[in-house]
Number of protein chains: 2
Amino acid sequence: MPTKGDLTKQRILDVARELFYKKGFDATSTAEIARGASISEAAMYKYYKSKRDLLTASVQPTHFVEDTSDYSTLTNNELVQCWTALFLEKVEKNLPQYMILFGESVKYPELSETYLATFHKETLADIEVQKRIKTGHFPKLDMTLMQVGMIGALIAMIQHLVIYKKHDDLNSVPPKVKEVISSIISGKFFN
Amino acid sequence: MPTKGDLTKQRILDVARELFYKKGFDATSTAEIARGASISEAAMYKYYKSKRDLLTASVQPTHFVEDTSDYSTLTNNELVQCWTALFLEKVEKNLPQYMILFGESVKYPELSETYLATFHKETLADIEVQKRIKTGHFPKLDMTLMQVGMIGALIAMIQHLVIYKKHDDLNSVPPKVKEVISSIISGKFFN
DNA sequence: GTCTATATCGCGATAGAC
DNA sequence: GTCTATCGCGATATAGAC
C-alpha cells in the first residue's frame, strides 16, 4: 500500500512529465512543477534531487503492450499490418514519454539509454519480421532506424496538426496521422 | 556591395543558426552567439533587437532547388523517384533551418509561418502528384502532412545516428537514412 | 560601429525551522 | 514531510562613452 510520500512523489512525476512534453524541459521551471503538484520547491527536492533526475524519471514507460501471438503463419501483408498496429499502440500509450525522449535526447543523450533499454524491446512481431528479412522475404533494412523514423514522423505530424489547430491535444494520435503512416508502411502509396 | 555592417549582421546570423540547430534555442545564450561572431553583446543587439528576432531570421532558407522539368510523361514509379529526390535535396540543403523549425515550432508557433510560406512552396513534381491523386492514379493522401512526416522521420533518424556515434555531423544526411526513406516511399518494403 | 559596465530578472538548489 | 527565506548564478537586454 502506497504511503503518503509515495503518492506525493508520483504526483510530482505526473506533473513534471505533463509539463516537459507540452512545453519542453528547458522551458519548464521547477517552481512550475512544484506549484502544479501543490508542494513547495524545497519539499520537491526531497523526492528528486535535481531537475535532471526528474527528466530521467519522466521518460520511463507507464503502459505496456501484450504481444503473445504466433505470427509465423501470417502472410507478409498480414504480418505488416499486425506489426504496425502493435507499434502504433505502444507509441500511443506512452506518447508523452516518446515526445520527451525524441525532443530532448540530442541535448541529454543519457535519455537515449531509456529508449533502447525500455522501449525498444523486440516484440514477437519484430522477430518474425527479422526472420523474413534474413530469408529474403523482406528487403534488408535497419529495423531500429526505421522505427525511430516512424516515431519521428508521427510526432512531427501531430505537432503540425496541433500548431495549425486541426487537432487539439498533443496526447493522442489523430486518425489522419494513422492513415498516412499505414498507407506508407503498407506500400499502398506510390505503387 | 555589402557594407561592413552587412557582413557583421550575416556573421551573427550564421553563428546563431549553427548554435540553434546544434544545441537548441533555449540552451544557446546570447553571450555565446556574440563570442562566436567576435563582437560584443551590446553591438549584436544593434543588429537584432532580441534573441527571438535572431531565431526568426535563422530559419529563413538559404538554398533553393531548381525544378523546371516536365513530369507529365513519367510513369508513376519514375515520378515518385524524382519527387523523393527533389524533396530530399531541398531538405538536405537547408537542414539546419528544418531542424530548428521542427524542434522549436511547438514552443514558438510563429516559426511555422516560415515553414508554410517559404519551404512548402509546391514544386512541379508536387503538382503532378496532386493531379494523379485527383485522377485516381495515387491514393488520396494529405501531401503536406506526409512531407511533414518525412522530415520528422529524417531528422529523428539523423539524431539517432549522431547520438549513437554512427554518424558525426548533424548537418548531412547519412546514406543509411536516405536508403530507409527511399525504400519506404517507393513501397519496396513490405510488399 | 563597437565597447565596458550594469540593471534586472528568474532560475536551480539549499538552510534550517516546525 | 513540509514550509519560508534565501543564496548564487547566468540569462537577456540596455546605458552611455568612444
Side-chain angles (χ1 to χ4, degrees), chain A residues 1-60 100 103-111, chain B residues 1-60 100 103-111:
Chain A
M1 187 188 155
T3 66
K4 185 185 171 196
D6 291 338
L7 290 172
T8 305
K9 187 168 184 178
Q10 185 62 47
R11 206 172 62 242
I12 295 168
L13 182 60
D14 290 338
V15 172
R17 192 191 301 111
E18 183 91 0
L19 288 168
F20 288 164
Y21 99 87
K22 279 196 176 146
K23 309 185 39 174
F25 178 73
D26 293 343
T28 301
S29 70
T30 49
E32 219 171 345
I33 300 170
R35 206 181 317 125
S38 307
I39 200 176
S40 70
E41 281 192 73
M44 189 172 81
Y45 273 92
K46 303 287 179 190
Y47 293 97
Y48 297 94
K49 70 176 198 299
S50 71
K51 196 186 168 193
R52 283 285 273 272
D53 230 49
L54 215 31
L55 176 62
T56 307
S58 74
V59 292
Q60 300 308 314
I100 298 168
E104 314 289 349
S105 277
V106 176
K107 219 179 298 173
Y108 309 101
E110 76 268 23
L111 289 185
Chain B
M1 187 186 156
T3 66
K4 185 184 172 197
D6 290 338
L7 290 172
T8 306
K9 187 167 185 179
Q10 185 61 47
R11 206 173 60 241
I12 296 168
L13 182 59
D14 290 338
V15 172
R17 191 190 302 110
E18 183 91 0
L19 288 168
F20 289 163
Y21 98 88
K22 280 196 175 145
K23 309 185 41 176
F25 178 72
D26 293 344
T28 301
S29 70
T30 49
E32 220 171 344
I33 300 170
R35 205 179 318 125
S38 307
I39 201 176
S40 71
E41 282 191 72
M44 190 171 80
Y45 273 92
K46 303 289 180 188
Y47 293 97
Y48 296 94
K49 71 177 197 298
S50 71
K51 196 186 168 193
R52 283 284 273 274
D53 229 50
L54 215 29
L55 175 62
T56 308
S58 74
V59 292
Q60 301 308 316
I100 298 169
E104 314 289 349
S105 276
V106 176
K107 220 178 297 170
Y108 309 101
E110 76 268 21
L111 288 185

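Naming: A, B, ... by sequence-line order, numbering from 1 per chain.
The B:Ala42 side chain lies nearest to C:dC3 when the options are C:dC3, C:dT2, D:dG1. Here D:dA13 is the nucleotide among D:dG1, D:dA13, C:dT2 with the atom lying nearest to any side-chain atom of B:Ser50. Side-chain proximity of B:Thr30 to the nucleotides D:dT12, C:dG12, C:dG1 is greatest for D:dT12.
Between the side chain of B:Tyr48 and the main chain of B:Lys9, a donor-acceptor pair closer than 3.5 Å is present. In terms of modelled atom types and a separation under 3.5 Å, the side chain of B:Glu104 and the main chain of B:Phe25 share a donor-acceptor contact. Of the possible donor and acceptor atoms, none in the side chain of A:Asp14 sits under 3.5 Å from a partner among the backbone N and O of A:Arg11.
What separates OH of B:Tyr48 from P of C:dT2 is a distance of 13 Å, to the nearest Å. If you take CZ of A:Arg35 and P of D:dT4, they are 14 Å apart, rounded to a whole angstrom. Regarding A:Met44, its CE atom lies at a distance of 12 Å from the P atom of C:dC11, rounded to whole Å. Residue A:Arg52 contributes atom CZ, which lies 15 Å from atom C1' of C:dA13 at whole-angstrom precision. Atom CG in A:Leu54 sits roughly 15 Å away from atom C1' in C:dC11 (whole-Å rounding). Taking atom CG of residue B:Leu55 and atom P of nucleotide D:dA13, one finds them 12 Å apart after rounding to whole Å. What separates CD1 of A:Ile39 from C1' of D:dT4 is a distance of 14 Å, to the nearest Å. Taking atom CG of A:Asp26 as the reference point, atom P of D:dT12 lies 12 Å away to the nearest angstrom.
OP1 or OP2 of D:dA13 sits under 4.0 Å from a side-chain N or O of B:Tyr45. Residue B:Lys9 places no side-chain N or O under 4.0 Å from the OP1 or OP2 atom of C:dG1.
At a threshold of 4.0 angstrom between heavy atoms, the contacts of A:Ser29 are confined to the sugar-phosphate backbone, with no base atom among them. Residue contacts shown for A:Tyr47 are limited to sugar-phosphate atoms, with no base heavy atom under 4.0 Å away. When heavy atoms are screened at a 4.0 angstrom cut-off, B:Thr28 is found touching the sugar-phosphate backbone but no base atom.
Heavy-atom minimum distance, A:Ala27 versus B:Lys107: CB-CD, 3.9 Å.
Place A:Lys46 and A:Glu41 on DNA chain C by their nearest nucleotides, and A:Glu41 ends up nearer the 5' end. Comparing A:Glu32 and A:Lys49 along DNA chain C, the residue whose closest nucleotide (by nearest heavy atom) sits nearer the 5' end is A:Glu32.
Of the inter-residue distances, the one linking B:Glu18 atom CD with B:Ile100 atom CD1 reads 9.5 Å to the nearest 0.5 angstrom.
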